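Residue numbers start from 1 in every chain, and the chains themselves are labelled A, B, ... in the order their sequence lines are given, proteins ahead of strands. Computed from a predicted structure; not experimentally measured.
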Amino acid sequence: MKIAIASGKGGTGKTTVAVNFALALEDVQLFDCDVEEPNCNLFLGFDLEPVEEVTCLVPEINPDWCTLCKNCASFCKYNALAALPNKILSFPSLCHGCGGCRHVCPAESIEEKPRPIGMIEKTSSKNSLTFFRGILDIGEVMATPVIRALQRHIDESRPVILDSPPGTACPALAVMGCADYCVLVTESTPFGFHDFLLALEATRALKVPAGVVLNRDGIGDSRVEDFCRAEGIPILLRIPDERMIARLYSEGIPFIKEMPEWKEKFKNILKTINTVTCKSKGV
Amino acid sequence: MRQLAIISGKGGCGKTTLTAAFSSLSENAVLADCDVDASDLPLILKPQVIKREDCLGLKLASIDPELCNGCGICLEMCRFGAVLENFTINPYSCEGCAVCTVACPENAVSLIPRVSGQVVSSITRFGPMAHAKLGTGEEASGKLVNMVRKKAEELADKYSCKLILIDGPPGTGCPVMAAITGTDLVLVLSEPTVSGLHDLKRAIKLTSHFRIPTVACINKYDINEKKSLEIEAFCKNSGIPLLALLPYADITTEAMMKEETVIEYSVHSGTSGAAEFANIVRNLWSEIETRLLETSQKEMYSKTLKAWEP
């Protein structure tokens, strides 16, 4: 079972839910897929060790063999190659690593060299909780390849929780799309509701079943609740708008550590998800 | 024309709330909602749409089943895993690189245009606004951000506005870079939490990478004053002016529920807390205006210098 924790809007509590959920379940894997802002470990404080460097294959042109036919530059859809009268200029940071330039080069003068764009790390200590995260280097644009590289480390035989990036663009979809279930974290405010609808639309397009965690419950109004009731979307958990929870969050302490009564509530999320997904499969 | 971008690294710090507040304080500004992924500024500013334009993203591969003989070369060549076993294309994975089109021995693959989003020009009660809607799962969000900014510049020219206020996206990736490049000043919003500080550091790393003058501000500073001090110390050490400490206040949610900016809401809510909050935002805004003026003077100064160079 792969469960993605997602939201349209940023700052609704994805990381809080992901970390507390993982700590409550204990024997699970937690993957921090928000590679632009990987924040889970701020709350876990694990010692991490590098697993692999994520690279993108970029072209290197051998000027001795290059015939200046310009096929590569006119093929590249990302403007990563430019043809000058006397040489081909490459812009590695624009390259998506599709390998097309090498394929179209008649002189075989293009070789591909790996260029680092990010890093995959995991817990070095033996914990019942397995933790992996990906980090996109500052100034790099390609979050999705780092997410895909990270996902290759998922052990399919064990349950996994994926902390997704915000939004509904490509990187978020790469996470939600690989999940069996999506937990959408939102708050019942105009912004929260609007962005929740975008995220819900994404899960529907991906055909991944979804449920809701209502965070900062008590602020705003009942628009999320009313909508969920009408649409038959389960509300898996309500986290109240309590100063204690906000305080623990600000300190980087997962709140179930200080408020153990929440452990059961988080465990129940998994039970609900299992029931719902079994039902939808007709079991 | 001056451009100010408001970013935060971490989401939910109050970028849109603050941008909306600035919009009711600034005279003669164009708004640019560059959080194309989750565009929330229109929820407060209720724009009247003037024009919508499609943004064409990278093209999408399409396999003609009549011509395809199932040889599997495209599947092997595609680095993005976009060709599925049944020789159809997964649009969420395809990056439009066109490798499949040249690899296919049967010429069965072609590229078709795809609309990745829409750019919208509008008028709001505070002036013109450019915003966008990114299609679900589309990747060209950096490109769409650029289009929004271009649209905002056009609107600024048309209505002779002197300032563009950019509501930035969260994160530090492609859309954020597109939102801040070429701006005159970036305001990084933080909150006193471990993630707030962590993401502030990453955001500042990014603005210094692009060498854009940067100022900071802490929202909800009183939910953890110790963390706020840490952020203050960090800003001091890295030479980032910290312009304001905004308290945690119910007014932000209340104003949002009423679909008003905090400035508008403070006028009729009548509570002292709301008025106090609005005043801090006003002071922050005048600080920013001063700095925007300074950067423009510096620029003029360096231009004058250049003019004098032999």
Side-chain angles (χ1 to χ4, degrees), chain A residues 7-15 34-37 39 42-43 57 75-78 96-100 103-104 136 138-145 148 165-174 177 189-191 194-195 198-199 201-202 205-206 219-221 243 246-247 249-252, chain B residues 8-13 16 35-40 43-44 58-59 77-81 92-93 95-99 102-103 134 136-139 141-142 169-177 191-196 198-199 202 205-206 209 220 223-224 226-227 248 250 253 256-257 259:
Chain A
S7 77
K9 186 177 177 324
T12 53
K14 283 180 299 299
T15 303
D34 188 358
V35 300
E36 285 182 43
E37 306 290 1
N39 283 350
L42 294 174
F43 298 86
L57 287 174
F75 179 82
C76 181
K77 298 286 179 287
Y78 312 109
H96 284 217
C98 72
H103 187 78
V104 298
L136 179 70
I138 291 279
E140 292 295 337
V141 296
M142 293 206 297
T144 313
R148 298 231 183 270
T168 51
C170 197
L173 274 266
T189 59
F191 290 1
H194 173 256
D195 299 349
L198 296 176
E201 194 185 312
L206 294 165
I219 65 160
D221 54 19
R243 205 153 172 111
R247 176 96 208 162
Y249 174 81
S250 73
E251 298 282 355
Chain B
S8 69
K10 184 181 178 323
C13 283
T16 304
D35 189 356
V36 296
D37 228 359
S39 163
D40 287 343
L43 298 179
I44 301 295
L58 288 164
K59 290 182 174 173
M77 293 288 291
C78 178
R79 300 249 171 109
F80 309 109
Y92 300 123
S93 299
E95 299 198 11
C97 71
V99 164
V102 290
L134 182 73
T136 301
E138 293 295 336
E139 209 211 1
S141 85
T172 48
C174 176
V176 184
M177 287 185 243
E191 60 172 37
T193 62
V194 281
S195 359
H198 177 261
D199 296 352
R202 279 177 69 95
K205 218 166 156 185
L206 193 69
H209 180 92
K220 309 177 202 166
I223 59 168
N224 188 334
K226 215 177 93 210
K227 271 276 166 306
Y248 179 85
D250 294 332
T253 315
M256 193 202 292
M257 298 307 297
E259 296 168 349

Problem - For A:Glu36, salt bridge (charged side-chain N to carboxylate O under 4.0 Å, His left out) partners two or more places apart - result: none
Exercise for the section: Would you mind checking which part of B:Ser195 comes under 4.5 Å of any heavy atom in chain A, side chain (CB onward), backbone (N, CA, C, O), both or neither? Expected result: both
Handout entry: Shortest non-hydrogen contact between B:Leu134 and A:Ala169, atoms and distance
Key = CD2-CB, 3.7 Å
Problem - Sub-4.5 Å side-chain heavy-atom contact between B:Val99 and A:Phe75 - result: yes
Handout entry: Contacting moiety of A:Ala172, where chain B heavy atoms sit under 4.5 Å
Key = neither
Practice task
Pick one of side chain, backbone, both or neither for B:Met177, based on which atoms fall under 4.5 Å of a heavy atom in chain A.
Solution key: side chain
Practice task
Taking only Lys NZ, Arg NE, NH1 and NH2, and the carboxylate oxygens of Asp or Glu, determine whether B:Lys10 and A:Glu37 approach each other closer than 4.0 Å.
Solution key: no
Exercise for the section: Determine the option with the most heavy-atom pairs under 4.5 angstrom with chain A, choosing from B:His198, B:Lys226, B:His209, B:Lys220. Expected result: B:His198
Handout entry: Part of B:Ser39 lying under 4.5 Å from any heavy atom of chain A
Key = backbone
Problem - For A:Ala174, all residues meeting side-chain contact (heavy atoms from CB on, under 4.5 Å), sequence neighbours excluded - result: A:Thr144, A:Ile147, A:Arg148
Handout entry: Contact origin within B:Leu43 toward chain A - heavy atom pairs under 4.5 Å
Key = side chain
Fill in the blank from the handout: Whatever's closer than 4.5 Å to a heavy atom in chain B on A:Asp34 counts as neither
